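Working notes, beginning with the structure itself.
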Amino acid sequence: MNRIRLLSEQVANQIAAGEVIERPASVVKELVENSLDAQAGRVTVEVQAGGRSLVRVADDGAGMSRDDALLCLERHATSKIRRAEDLAAIATMGFRGEALPSIASVSRFTLTTRERQSQSPEGTQVVISGGKMLEVKAAGSAPGTTVDVRQLFFNLPARRKFLRTEPTESAHIQHYLALAALAFPEVAFTFQKDGHLVWQLPAIRSGTDTPARLAALRERLRSLYGGEHSLLPVAFSAVIRSNEPAGEEPGSDPGPQTSNLRLWGFIGAPGVSRLTREDQHLFVNRRPVQNRGLNFALLEGYHTALMKGRYPVCCLFLEIDPAAVDVNIHPAKREVRFHQEGEVRRLVAQAVRETLLRLAHGPQTTDHGPQTTDHGPQTTDHGPQTTDHGPQTAVRSPQSSVLGPRSSAFGPPPSVLRPPSSGLSPASTTPAPSSRVTPAAAVPLLNVPLRLLGVVGRLYVVLESDRGLVLLDQHAAHERILYEQMLNRLERNDQAPSQRLLLPETVELSARDASFVREQLPVLGRLGVGLSEFGERTFLLDALPPFVKAADPRRFVLAMLDELKASGLEVNSLRLGEQMVAKTVCRHAVKARDPLAGPELEALVEDLRHCAMPYTCPHGRPTLLEMNFRELEKKFGRTA
Ligand code: ADP
Ligand code: MG
């Protein structure tokens, strides 16, 4: 008996829908991608009941002829690729030719479309229910395409049951739409939910160069999220050299193949992070993607500027030769694979790191590798040269007087901590613009003069700048300074200063801990921790770095070892062991509540200014917090 038979078209479509259409947000995604592929200038999305009862996507794109309108509903019908080879270099969002027939097989579906090119005012309307064609007719419509998807999964009760609550499904839809809107600022997006207007994002015209695209993206970010975000612009490009042989035939060029990589967008300033990856938006050739390698690259790039277990905030666009990336590995096209994963990862980490370093030092100090090119100063104007609020020329906002005369009751008389670079360039009298979304045009905090006001809680140093109030975590700042000094010494192969203990102490450890410590002895020694073997499980502690003011040196060593063991479990091969040890030593060296005198505090700020990553401690916690006058005014109810 023959038991194998070909599935009907309708069943095949429903099976495909199982992969491509998970939930209403997938419908929105597929339809919006089609609109974008059709060169739409305006996309309107309307949903009802979290997309369960209605998803409508209307565009003013190319539209379709009557024949195409019928063909597009066939499985494997697409205008975007022709041959298998085209899969190797996909430049459109869609290419599988599956979305429309899949959606139409699991919903009540109406497609209305009119070709933009055609002169006739008449379009075509196709009505399908659960994959069955009910009607095809001529219909008057504006040029473009509108797709109505009603009662998703009405014919698949099991799938319908898996849908979440309306707010959850709406949130998924909104999340995807935000990504699409970020990737296409030149397209106007409207989003309506249950009859209410959620967004009306105007099209932002811009040039194609990176500064223009950054400006457009910034504006889109602002209209989507508003509020204050400390974001830094990224503009990086490099050449990837392929290690694959170029050609086998004799006489062909044996040189390495190259492809260009560009990374641009915004990343959170040091200290800005989230508990989830929710605000981490990554795009590859404008497609929102998930890719483990890119996630790691981001974390690596941030390195000590990110707290453990926290995630960066970013909106980054990676542009790469379509032939260097495979987008056909996930039915919903959510994931991509790079042909040279390691190289892409390394360059992305480098781009992030350079951006963070540039924050502290301006563009002139970064050392570009031979591959990196377009770090145009126009996109990276963090340099101290852009504005110099010297104390004499600074334009003070009148509100600063509410702070009253600076009281000397806090301790030392106020003094002006000048940035190391002040006076390098003619001072401008324009105050830094208080940009809402990103300080792309603002001067980094440590490049403006800071006046010392006092200390609260014996830990938080209160400072004032021309922009408002600044708080410095004395402990975190000290840790950062020590850490960078240690790393510099390690790099130069210098022995750190070390102070002999009056009374050497012995430290006894378990067999396992003893063997762990034995491996760390050389690094510890170079950092100034004099620990040597004194028996099988016993160590002699006879020196400590001078900055360690531990009352109980033995406990200091034990606590440090615990921490080292814990960090040793952190699997991240790309971080240097030495750096980890240094990080741990300073954490245990710096004691929070040491009272510091005025000159010491000034020295602290000055030392911080010379750090490569001054805005976070080595564990990613912020060293400085700024509350500008705008925020103060808001808090005191002076402005809305
Ligand atoms: P794919 O996008 O992978 O090609 P789809 O099933 O999503 O597959 O769409 C099939 C075809 O229908 C597309 O290739 C395109 O030619 C046409 N199409 C779909 N949506 C639109 C639209 N909004 N405007 C113009 N053409 C469209
Ligand atoms: Mg499509």
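Start at 1 and go down the list; that is how both ligands and their atoms are numbered. The model shown is predicted, which means the values in this text are computed figures rather than measured ones. Start at 1 with the first residue, then count along the sequence.
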Should you measure from each heavy atom of [X], which atoms of ligand 1 turn up under 4.0 Å away?
X    : result
R96  : 3 (O)
T78  : 1 (P), 4 (O), 14 (O)
P101 : 6 (O)
F95  : 1 (P), 3 (O)
G94  : 2 (O), 3 (O)
T145 : 22 (C), 23 (N), 24 (N), 25 (C)

Open item on the list: Please confirm whether S102 approaches ligand 1 to less than 4.0 Å, judged on its heavy atoms.
Closed with: no

Task: Partners meeting salt bridge (Lys or Arg N to Asp or Glu O under 4.0 Å) with R353 (sequence neighbours left out) - done: none

Task: With R56 via salt bridge (Lys or Arg N to Asp or Glu O under 4.0 Å) - residues at least two apart - done: E46, D148

- [ ] Could you tell me whether R75 and E9 have a side-chain N and a carboxylate O separated by less than 4.0 Å?
- [x] no

Task: Side-chain ion pair, R334 and E22, N-O less than 4.0 Å - done: yes

Open item on the list: Ignoring hydrogens, what is the shortest heavy-atom contact between P101 and E74? Give both atom names and the distance.
Closed with: CG-O, 3.5 Å

- [ ] Compare every heavy atom of E335 with every heavy atom of I329, then report the nearest pair and how far apart it is.
- [x] CG1-O, 3.5 Å

Just to be sure I read this right, does ligand 1 sit under 4.0 Å from the backbone of [X], its side chain, both, or neither, counting only heavy atoms?
X    : answer
E98  : backbone
D59  : side chain
L100 : both
A99  : both

Protein heavy-atom partner closest to [atom] - residue, atom, separation in Å:
atom                    : result
atom 16 (O) of ligand 1 : S79 OG, 2.5 Å
atom 20 (N) of ligand 1 : N34 CB, 3.2 Å
atom 27 (C) of ligand 1 : M64 CE, 3.4 Å
atom 12 (O) of ligand 1 : C72 CB, 3.2 Å
atom 25 (C) of ligand 1 : A38 CB, 3.5 Å
atom 2 (O) of ligand 1  : K80 NZ, 2.7 Å

Task: Flag, side chain of R287 to backbone of T92, donor-acceptor distance under 3.5 Å - done: yes

Open item on the list: Once salt bridge (Lys or Arg N to Asp or Glu O under 4.0 Å) is applied, what residue pairs with a partner in residues 155-166 remain, sequence neighbours excluded?
Closed with: none

Task: For the Mg ion (ligand 2): protein N/O/S atoms at distances below 2.8 Å - done: 1

TODO: Would you check if F236 and L347 make a side-chain contact, meaning some heavy-atom pair closer than 4.5 Å?
DONE: yes

Open item on the list: Contact between N285 and L318 at the side-chain level, heavy atoms closer than 4.5 Å - yes or no?
Closed with: no

TODO: Step by step, work out the side chain to side chain donor-acceptor pair (under 3.5 Å) result for N13 and E98.
DONE: CA-CA 8 Å; N13 281 335; E98 280 186 316; over 6 Å; no

- [ ] Mind telling me whether W199 and F191 have parallel, tilted or perpendicular rings, with 30° and 60° as the class edges?
- [x] tilted

Open item on the list: Can you confirm whether the side chains of R108 and S129 place a donor and an acceptor under 3.5 Å from each other?
Closed with: yes

Open item on the list: Distance alone, cut at 3.5 Å: any donor-acceptor contact between the side chains of K80 and N34?
Closed with: yes

Open item on the list: To the closest 0.5 Å, what do you measure between CD (Q340) and OG (S259)?
Closed with: 6.5 Å

TODO: Between G144, A77, G97, flag the one that comes closest to atom 10 (C) of ligand 1 by a heavy atom.
DONE: A77

